[in-house]
Amino acid sequence: MTRTPRVIVIGAGIGGLVAALLLATRGYEVTVIERAAKPGGKMRKVDAGSSKIDAGPTVFTMRWAFEEILREAQAEWPQRLVAQPLHTLARHAWCDGAVLDLFTDIERSADAIADFAGTAEAAGYRRFCARAAAVYDTLKDSFIRASRPSPLALTQRAGLRGLSGLLRISPFTTLWDALGEYFRDARLRQLFGRYATYCGSSPFAAPATLMLVAHVEREGVWTLDAGMSGLAEALASLAQRRGATFLFEQEASRIVVERGCTAGVETREGGRFPAEAVLFNGDASALAAGLLGPDAARTAAPTPPSARSLSALTWAAPARTSGFPLAYHNVFFSEDYRAEFDDIFARRRLPRAPTIYVCAQDRGKEDRPTVASGQPERFFCLVNAPALQETGEIDSAELRACQETTFRRLARYGLELSFDPASCVRAGPAEFARLFPATGVALYGQASHGWRSSFTRPGSTTGLPGLYLAGGSTHPGPGVPMAALSGRLAAHRLMADLASTRRSFRGATLGGT
Ligand SMILES: Cc1cc2nc3c(=O)[nH]c(=O)nc-3n(C[C@H](O)[C@H](O)[C@H](O)COP(=O)(O)OP(=O)(O)OC[C@H]3O[C@@H](n4cnc5c(N)ncnc54)[C@H](O)[C@@H]3O)c2cc1C
């Protein structure tokens, strides 16, 4: 078989885009099939009034991952993707009026914590940073950048030197309990426990290992002038320049299987695309739900509803703000964190008193808006929500109550927002069900609850030869940089497999020996 191998990538989320870029760079004939009109998946931008607002991920971290990917794609950092480092990582507020900023610089944060909660807590913070860095160092090469290991393989990869590190990453302790070793102030436990939600999980059930997210943020958070959706556009255009073809508003409806191997993709629009390999970038649980036909369904295990990660309720609007000095990233904490996660994960309802994340997308380095005084700023607000049922339908009275509570609570923290409801784009589980079908409206794949969860996420390969997976529901996990790394892992695995089978036509061998 001398023909250039054809690869279909289903989905132009970050995982699919990275895979498409790397495969196209290596000369594969890549076609990306995407049901939306634009690339990016969850990294999406919405038209809210006259503003375009990022309404998905807003925190850009692990820049090294993208630099490595671009290097492999023989490309420079895209010029239109100006990245500005944020010195204030986030501003955190409590309803008693307390406010705490965190910075990339440990000593600056420690000083702020000392002013906020005393010197003992500042010392706890320094110890916490050291431990989070150690967890990250232990897992970066053996887990995050590598293919999905089993617990045993992880131990082997770490080697003797890494073994003591592995024993210290505390996979069997919850993040909340581990934080108690460093902080007596419940507000600081709440602040650092929130990092579990970056993986769609509860700090009361996620392993302490997730403290590595604190280290990732401390290593740097950037804003992208073109927004996170600009990152998707930049990668898509680079992949196109490397020869990949993008078909938007086309939905893959079946993985074609011949002689036990992946042979191509059919679309709902009637297209048929033969291929030597297919890479699926949607949620792995969508395969099990039969979104891509019965053959693909047999290769995947469904995510039980109890194992689903968080969904969200979000608002994007141009708004005039006053009363609270917003930074770029702002978090307004609830009084009772445990009750909030009990609402979401145990009672499976919208939180009665939510923690509210506000991204003021026109605030830059100095926390000042870049728009003229009195003009509306781009504003994005998110509260965590349960992944309820496939349709994501929530009782409209419950939805209204959560919305009213959210904005009433922001006013209690002093933040007054004035915007035209007609130019506010709201998205909740029902919208996410339509945008990302068969995901159970969980935005981060399966929740990272318990030590086993890291080892039960699907890896790059499936039980169907020639079908690969990439994205936030697969190893190494959710979040833009992690999903990007999953795209690289899947591309590498696919290339290695095709290289080893290229000289002969592939076929399942029937009848054993
Ligand atoms: C509101 C929100 C806030 C978030 N905040 C952050 C954050 O601050 N930081 C962070 O790192 N992460 C955050 N995340 C998570 C992050 O966005 C995701 O983990 C990551 O973008 C997932 O990328 P992915 O590769 O899995 O692809 P996805 O973004 O899931 O995209 C998958 C793509 O596949 C397409 N697709 C699926 N099925 C088909 C089909 N049959 N045919 C054709 N196309 C198909 C979909 O249309 C979609 O475009 C957030 C997510 C959301 C929704």
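Just follow the structure's listing: the first ligand is 1, and inside any ligand the first atom is 1.
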*Asks:* For atom 42 (N) of ligand 1, which protein heavy atom lies nearest, and how many Å away is it?
*Replies:* A252 N, 3.0 Å
*Asks:* Quick check: does I10 get an N/O under 3.5 Å from an N/O on ligand 1?
*Replies:* no
*Asks:* Considering F436, F248, F280, Y198, which one's heavy-atom position lies nearest to atom 38 (N) of ligand 1?
*Replies:* F280
*Asks:* Y198 and Y444: aromatic ring centres closer than 6.0 Å?
*Replies:* no
*Asks:* Show me which atoms of ligand 1 lie under 4.0 Å from any heavy atom of G471.
*Replies:* 24 (P), 25 (O), 26 (O)
*Asks:* Suppose we screen for salt bridge (charged side-chain N to carboxylate O under 4.0 Å, His left out). Which residues come up paired with E219, at least two apart in sequence or across chains?
*Replies:* none
*Asks:* Which of the atoms in ligand 1, numbered in the order shown and given with their element, are less than 4.0 Å from a heavy-atom of I33?
*Replies:* 43 (C), 44 (N)
*Asks:* Provide, to 0.1 Å, the distance between atom 20 (C) of ligand 1 and the closest protein heavy atom, together with that atom's residue and name.
*Replies:* I14 CG2, 4.2 Å
*Asks:* Grab the two heavy atoms, one from L489 and one from S147, that are nearest each other, plus how far apart they are.
*Replies:* CD2-N, 3.7 Å
*Asks:* Nearest to atom 27 (O) of ligand 1, what protein heavy atom do you find, and at what distance?
*Replies:* G13 CA, 3.5 Å
*Asks:* On a heavy-atom basis, which atom in S309 and which in A387 lie closest, and how many Å separate them?
*Replies:* O-CB, 3.4 Å
*Asks:* List, one per line, each side-chain donor-acceptor pair under 3.5 Å for residues 427-440, sequence neighbours excluded.
*Replies:*
unit_1: E431; atom_1: OE1; unit_2: G428; atom_2: N; d: 2.6
unit_1: T439; atom_1: OG1; unit_2: F436; atom_2: O; d: 2.8
unit_1: T439; atom_1: OG1; unit_2: V441; atom_2: N; d: 3.2

*Asks:* Heavy-atom contacts with G472 under 4.0 Å: which atoms of ligand 1 show up? List them by number with element.
*Replies:* 24 (P), 26 (O)
*Asks:* Side chains of Q446 and R457: donor-acceptor distance under 3.5 Å anywhere?
*Replies:* no
*Asks:* Got the closest protein heavy atom to atom 37 (C) of ligand 1, with its distance?
*Replies:* G282 CA, 4.0 Å
*Asks:* Can an N or O of N281 be found at a distance shorter than 3.5 Å from an N or O of ligand 1?
*Replies:* yes
*Asks:* Which atoms form the tightest heavy-atom contact between G11 and N281, and what is the distance?
*Replies:* O-OD1, 3.5 Å
*Asks:* Do F345 and F204 have their ring centres less than 6.0 Å from each other?
*Replies:* no
*Asks:* For atom 48 (C) of ligand 1, which of the options E34, M62, R35 provides the nearest non-hydrogen atom?
*Replies:* E34
*Asks:* Hey, does A483 come in under 3.5 Å of ligand 1, counting only N/O atoms on both sides?
*Replies:* no
*Asks:* Show the atoms of ligand 1 that are less than 4.0 angstrom away from any heavy atom in V59.
*Replies:* 8 (O), 9 (N)
*Asks:* What's the spacing between L175 CG and L210 CG if we round to 0.5 Å?
*Replies:* 6.5 Å
*Asks:* Within ligand 1, which atoms have a heavy atom of G40 less than 4.0 Å away?
*Replies:* 29 (O)
*Asks:* Could you check whether any heavy atom of A312 sits closer than 4.0 Å to an atom of ligand 1, since that is the contact criterion I want to use?
*Replies:* no
*Asks:* List ligand 1 atoms under 4.0 Å from G41, heavy atoms only on the residue side.
*Replies:* 29 (O), 31 (O), 48 (C), 49 (O)
*Asks:* Pick out which of D497, T262, T474 makes a side-chain hydrogen bond (donor to acceptor under 3.5 Å, both in side chains) with Y468.
*Replies:* D497
*Asks:* Look at atom 12 (N) of ligand 1 and say which protein heavy atom is nearest, naming residue and atom and giving the distance to 0.1 Å.
*Replies:* G479 CA, 3.4 Å
*Asks:* Give a yes/no verdict on whether any heavy atom in M228 is under 4.0 Å from an atom of ligand 1.
*Replies:* no
*Asks:* Does an N or O from L443, backbone or side chain, lie closer than 3.5 Å to an N or O of ligand 1?
*Replies:* no
*Asks:* Quick one: is the NZ or CZ of R63 closer than 6.0 Å to the six-membered ring centre of W77, and within 45° of its axis?
*Replies:* yes
*Asks:* What is the nearest protein non-hydrogen atom to atom 34 (O) of ligand 1, stated with its residue, atom name and distance?
*Replies:* G11 CA, 3.2 Å
*Asks:* Inspect the contact between R488 and E68 and indicate whether a charged nitrogen and a carboxylate oxygen are less than 4.0 angstrom apart.
*Replies:* yes
*Asks:* Could you list the atoms of ligand 1 found under 4.0 angstrom from a heavy atom of V480?
*Replies:* 10 (C), 11 (O), 12 (N)
*Asks:* Run the contact test for P39 against ligand 1 with a 4.0 Å cut-off on heavy atoms, strictly below, and give the result.
*Replies:* no
*Asks:* Test of understanding: given a 4.0 Å heavy-atom threshold, classify the contact between Q250 and ligand 1 as side chain, backbone, both, or neither.
*Replies:* backbone
*Asks:* Indicate, as side chain, backbone, both or neither, the part of L382 found under 4.0 angstrom from ligand 1 when only non-hydrogen atoms are considered.
*Replies:* side chain
*Asks:* Looking at the rings of F419 and W315, which for Trp means the six-membered one, are their centres under 6.0 Å apart?
*Replies:* no
*Asks:* What is the closest protein heavy atom to atom 5 (N) of ligand 1, and at what distance does it sit?
*Replies:* P57 CA, 3.2 Å
*Asks:* Test your reading of the structure: does K42 have an N or O sitting under 3.5 Å from an N or O of ligand 1?
*Replies:* yes
*Asks:* Does a donor on one side chain and an acceptor on the other come within less than 3.5 Å for R80 and S237?
*Replies:* yes
*Asks:* Return the closest protein heavy atom for atom 15 (C) of ligand 1 as residue, atom name and distance.
*Replies:* Y444 CE2, 3.8 Å
*Asks:* Give yes if a backbone or side-chain nitrogen or oxygen of G15 is under 3.5 Å from a nitrogen or oxygen of ligand 1, and no if not.
*Replies:* yes
*Asks:* Establish, yes or no, whether a centroid distance under 6.0 Å links the rings of Y413 and F324.
*Replies:* no
